[in-house]
*Asks:* 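The structure under discussion is supplied below as structure tokens; questions concerning it will follow.
Lettering follows sequence order; numbering is per chain, from 1. Please read these numbers as outputs of a predicted model, since none were measured by experiment.
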Protein chains: 4
Amino acid sequence: MPMAEREPSPRKGSRTAARVRASALKLFARHGYAAVSMRQIASDVGVQPSALYNHFPTKQDILKDLMLSHMRDLLDAWPPFADEAGQSADPLDVFVRFHIRYHLQRREEVFISYMELRNLEPESFAEVEAERRRYESILKAILEDGQKSGAYRIADTGVAARAIIAMLTGIPNWYRENGPLSADKIEEIYLEMVRGSVAATPLTASIESD
Amino acid sequence: MPMAEREPSPRKGSRTAARVRASALKLFARHGYAAVSMRQIASDVGVQPSALYNHFPTKQDILKDLMLSHMRDLLDAWPPFADEAGQSADPLDVFVRFHIRYHLQRREEVFISYMELRNLEPESFAEVEAERRRYESILKAILEDGQKSGAYRIADTGVAARAIIAMLTGIPNWYRENGPLSADKIEEIYLEMVRGSVAATPLTASIESD
Amino acid sequence: MPMAEREPSPRKGSRTAARVRASALKLFARHGYAAVSMRQIASDVGVQPSALYNHFPTKQDILKDLMLSHMRDLLDAWPPFADEAGQSADPLDVFVRFHIRYHLQRREEVFISYMELRNLEPESFAEVEAERRRYESILKAILEDGQKSGAYRIADTGVAARAIIAMLTGIPNWYRENGPLSADKIEEIYLEMVRGSVAATPLTASIESD
Amino acid sequence: MPMAEREPSPRKGSRTAARVRASALKLFARHGYAAVSMRQIASDVGVQPSALYNHFPTKQDILKDLMLSHMRDLLDAWPPFADEAGQSADPLDVFVRFHIRYHLQRREEVFISYMELRNLEPESFAEVEAERRRYESILKAILEDGQKSGAYRIADTGVAARAIIAMLTGIPNWYRENGPLSADKIEEIYLEMVRGSVAATPLTASIESD
DNA sequence: AATGAATGAGTGTTCATTCAT
DNA sequence: TATGAATGAACACTCATTCAT
């Protein structure tokens with residue numbers, strides 16, 4: 001694929017679609033899909049509203065594009081290279097660190113993906129949901145492996161996977177880059193909690209053994 | 001058609017405000033605040049749009065009313081009576097069971113309270129946030145007590161409280177009343193996970209002791 | 001039907017729907033349905049565009065209303081009282097005079113009814129077409145009677161009915177109230193032509209007998 | 001993909017103007033000038049909207065081109081060769097047959113020419129109207145000749161010419177190629193009616209002589 | 001001769017809200 | 001307490017047209 005893949009030509013304004021995506025991402029994350037008008041997006045891009053329709057047939061298509069490409073990027077980024085994932089080779093650790101890092105880097109995409117699902121038309125919704133389940137199943141498989149090896153003790157791996165993802169995904173809601181906790185520290189805290197939540201010998205064991 | 005047409009409630013129309021609240025709750029939860037019009041609410045209530053303004057000065061006030069009263073109801077419901085909370089007297093158990101039960105019973109209120117925060121005007125937002133922090137601080141206090149007593153081992157009780165609440169609050173997103181898991185079973189699963197996540201001797205303890 | 005049928009009250013603006021109809025009639029006739037905007041209608045009525053929607057759910061409904069009520073009024077007006085129809089008791093004469101008079105009085109309705117058929121949605125189109133056929137069948141029945149009695153000589157009464165109506169309906173296209181020909185004179189001219197076109201012994205008879 | 005991609009016509013695209021005319025004709029006839037967009041025409045031609053402006057300076061010019069060339073083609077086609085006109089040498093017969101045949105062959109042009117007059121700018125309107133009057137005057141002259149010779153009895157030849165043309169021009173509105181009546185049969189029926197409508201001794205003569 | 005991107009005005013329609021009744 | 005009619009701003013989207021390439 002040598003030259004064929006190049007854009008037709010780096011024409012003036014040929015990056016408008018990308019700028020529309022960026023503006024819509026920012027505005028949808030901030031105010032919600034339904035509360036953002038095409039006029040606002042156009043104005044943020046620095047273009048007339050009608051120009052948006054040269055790049056996206058409807059407002060809904062912008063949302064769909066953002067959500068689908070987020071899920072695909074997320075899945076494409078997995079698995080992370082070993083050196084990215086840090087010193088630990090434990091799969092659950094790798095997943096937790098990966099998820100936190102990725103979600104703190106793409107806060108707006110994440111936020112939209114969780115908030116605007118109901119504003120997707122049924123067909124796009126189904127596509128996004130399928131990707132989401134693919135992602136969940138990565139964690140689920142890790143939990144199942146750990147359960148088989150006896151490292152984890154989990155009543156329902158599907159529920160546990162969702163619980164863990166919910167816990168991790170809540171981070172960007174309150175995390176502030178210049179807050180008291182570094183991203184690394186947060187990673188450590190959550191890693192510990194996640195490990196504990198699926199550990200083979202939790203506190204309850206000792207209680208129950210009383 | 002003499003009496004049959006009377007409303008079940010004593011004075012017809014006297015409960016309109018309540019019906020507005022109920023309709024708005026349902027519609028906001030389903031479609032989002034910004035995507036629901038006063039006309040839709042009115043139509044659901046069975047009244048003309050202008051009639052809504054006899055009960056709420058603006059659309060925004062309906063949202064504020066729903067969110068504030070939800071937070072206040074939630075805080076009023078705590079602490080649950082002992083017999084409601086079940087056999088366990090452990091405060092963390094009580095909180096987890098209470099949270100799951102309450103949130104599964106009031107799914108729409110919960111959903112709105114997490115989704116529509118950004119659609120609140122700053123002043124109302126601050127009020128709701130204050131209530132939310134009060135609620136978080138209940139759990140935070142429990143975690144701190146456990147940490148002092150040595151029962152829990154927690155790096156940051158504030159982070160842990162938020163992590164646990166995020167994990168629990170995700171349940172209504174996927175829980176189906178006629179699904180394979182009963183509410184009781186879910187309670188048990190999450191209880192175990194939460195206990196593990198804060199347990200004094202998790203899996204990592206043994207690892208670290210290597 | 002003593003009091004119940006009265007309008008709720010002769011409120012201010014309660015005649016807006018009628019004024020919308022009148023404005024739309026005038027504007028559609030002048031510029032065509034597709035070329036007239038709701039804003040133009042509203043401005044002609046002296047109201048904001050959004051106010052139109054209190055009276056007609058869509059622009060299409062205004063057109064439908066105009067066309068259907070025109071056809072119904074036309075059919076309701078038939079048959080004319082004897083004294084209206086003039087001295088002649090011949091049914092064809094009565095029809096021709098009636099048609100010309102009615103169509104010269106309601107030029108705008110007539111014009112719209114012929115020009116804007118294709119802008120009707122299929123369902124409304126079918127309704128209007130049904131009324132049109134009912135009207136054509138009045139003339140067709142007259143022609144059939146005349147044919148049976150031997151007064152007329154007609155190859156196909158359906159075709160003849162349509163031909164006559166087309167001929168008559170073209171009048172308002174060029175008729176000017178202050179032109180050289182009075183409505184009465186036009187009536188006489190067309191009456192003669194129509195009679196001739198269906199006469200039992202036309203010119204061709206003598207030609208053919210050569 | 002060497003040669004297969006070439007258009008059938010000698011130079012690809014060289015006939016675009018003609019294809020624009022054909023598409024616009026079809027679409028204007030079907031939906032009306034005002035309801036057809038340049039985008040629709042372009043899409044029907046298989047070209048981008050901006051390409052249309054290489055061939056016609058404005059949308060209005062397409063309409064003007066279609067209407068003027070129709071009227072000119074119609075006038076150019078008159079008089080028909082004798083053998084085309086059929087066995088009859090009577091000028092009125094020749095005209096009626098010619099008109100019906102021509103109008104059944106060019107239904108779309110005819111339809112547009114009658115429907116879209118009001119969408120022409122005044123200047124083009126005047127041009128088309130002049131052509132129309134030239135055409136009417138052909139029939140008017142025939143009627144005047146017949147009147148002078150005593151063959152016809154006509155109160156107003158201008159009115160009669162318009163009446164006859166209106167009657168004939170209505171045919172394409174209901175004629176269906178695969179309907180029960182052949183074009184030839186329709187010709188005969190209308191011919192008879194037209195003859196009768198201007199005949200020197202119509203039915204009324206005998207009635208009045210009673 | 002054709003394209004892709006843009007414009008600025010305009011489309012039908014909906015919005016939250018007001019107000020006399 | 002409810003209504004019907006109105007407002008003025010806004011909505012997503014389309015329009016005919018332009019222009020650099």
*Asks:* Short of 4.0 Å, heavy atom to strand atom, which residues of residues 60-69 of chain C count as contacting DNA chain F?
*Replies:* none
*Asks:* Is the closest side-chain heavy-atom distance between C:L120 and C:Q60 below 4.5 Å?
*Replies:*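 A side-chain contact exists here, since the closest heavy-atom pair is under 4.5 Å.
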*Asks:* Let's test this: given Watson-Crick or G-U wobble pairing with both distances under 3.5 Å, identify the partner of E:dG10.
*Replies:*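 By the stated definition (distances under 3.5 Å), F:dC13 pairs with E:dG10.
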*Asks:* Could you work out which one of F:dC13, E:dT17, E:dA5 sits closest to the side chain of B:K59?
*Replies:* E:dT17
*Asks:* Take the protein atom CE of D:M38 and the nucleotide atom C1' of F:dT18, then report the distance between them rounded to whole Å.
*Replies:* 12 Å
*Asks:* Closer than 4.0 Å, any side-chain N/O of D:S37 to the OP1 or OP2 of F:dC15?
*Replies:* yes
*Asks:* Would B:R132 pass as a cation-pi partner of B:Y114, given that its NZ or CZ must be under 6.0 Å from the six-membered ring centre and within 45 degrees of the axis?
*Replies:* yes
*Asks:* Between A:L52 and C:A35, name the one whose nearest nucleotide on DNA chain E is closer to the 5' end.
*Replies:*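 Residue closer to the 5' terminus by nearest nucleotide: A:L52.
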*Asks:* Is any side-chain nitrogen or oxygen of C:H55 closer than 4.0 Å to OP1 or OP2 of F:dG4?
*Replies:*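 No, outside the criterion.
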*Asks:* Checking base pairs now: Watson-Crick or wobble, both atom distances under 3.5 Å. What partners E:dA16?
*Replies:*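 Partner of E:dA16: F:dT7.
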*Asks:* Would B:Y53 and B:M38 count as a side-chain contact (heavy atoms from CB on, under 4.5 Å) if you check the C-alpha gap in whole Å, the side-chain angles of each, and the deciding distance to 0.1 Å?
*Replies:* CA-CA 10 Å; B:Y53 292 85; B:M38 292 296 265; 3.6 Å; yes
*Asks:* Would you sort out whether B:E109 and B:L66 count as a side-chain contact (heavy atoms from CB on, under 4.5 Å), showing the intermediate values?
*Replies:* CA-CA 7 Å; B:E109 286 90 340; B:L66 290 176; over 6 Å; no
*Asks:* Does the structure show a Watson-Crick or G-U wobble partner for F:dT21, both distances under 3.5 Å? Name it, or say none.
*Replies:* E:dA2
*Asks:* From OH of D:Y53 over to P of E:dA5, roughly how many Å is that when rounded to an integer?
*Replies:*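 The answer, rounded to whole Å, is 18 Å.
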*Asks:* Heavy atoms within less than 4.0 Å of DNA chain F: which residues of residues 39-49 of chain B have one? Give them sorted by number.
*Replies:* B:V47, B:Q48
*Asks:* Looking at C:Y33, I'd like to know if the NZ or CZ of C:R118 sits under 6.0 Å from its six-membered ring centre while staying within 45 degrees of the ring's axis.
*Replies:* no
*Asks:* Is a donor on one side and an acceptor on the other found under 3.5 Å between the side chain of A:E116 and the backbone of A:S113?
*Replies:*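 Not confirmed, A:E116 side chain does not pair with A:S113 backbone.
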*Asks:* Can you tell me the distance, in whole Å, between the CZ atom of B:F56 and the C1' atom of F:dT1?
*Replies:*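 Those two atoms, CZ and C1', are 14 Å apart.
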*Asks:* What about B:S50, does its side chain sit under 3.5 Å from the base of F:dG4 through a donor-acceptor pair?
*Replies:* yes
*Asks:* Quick check: do D:L27 and D:R30 have side-chain heavy atoms less than 4.5 Å from each other?
*Replies:* no
*Asks:* Are any of the side-chain heavy atoms of B:M115 and B:F28 separated by less than 4.5 Å?
*Replies:*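 Heavy-atom side-chain distance check fails, nothing below 4.5 Å.
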*Asks:* Please state how far atom CZ in D:R15 lies from atom C1' in E:dA2, giving the value in whole angstrom units.
*Replies:* 17 Å
*Asks:* May I ask you to evaluate whether D:T58 reaches the phosphate of F:dA16, defined as a side-chain N or O under 4.0 Å from OP1 or OP2?
*Replies:* no
*Asks:* Testing the basics here: between C:L117 and C:F125, what is the closest heavy-atom pair and its distance to 0.1 Å?
*Replies:* O-CD1, 3.4 Å
*Asks:* In whole Å, I'd like the distance from the CG atom of B:N54 to the C1' atom of E:dT17.
*Replies:*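 Going from B:N54 (CG) to E:dT17 (C1'), I get 13 Å.
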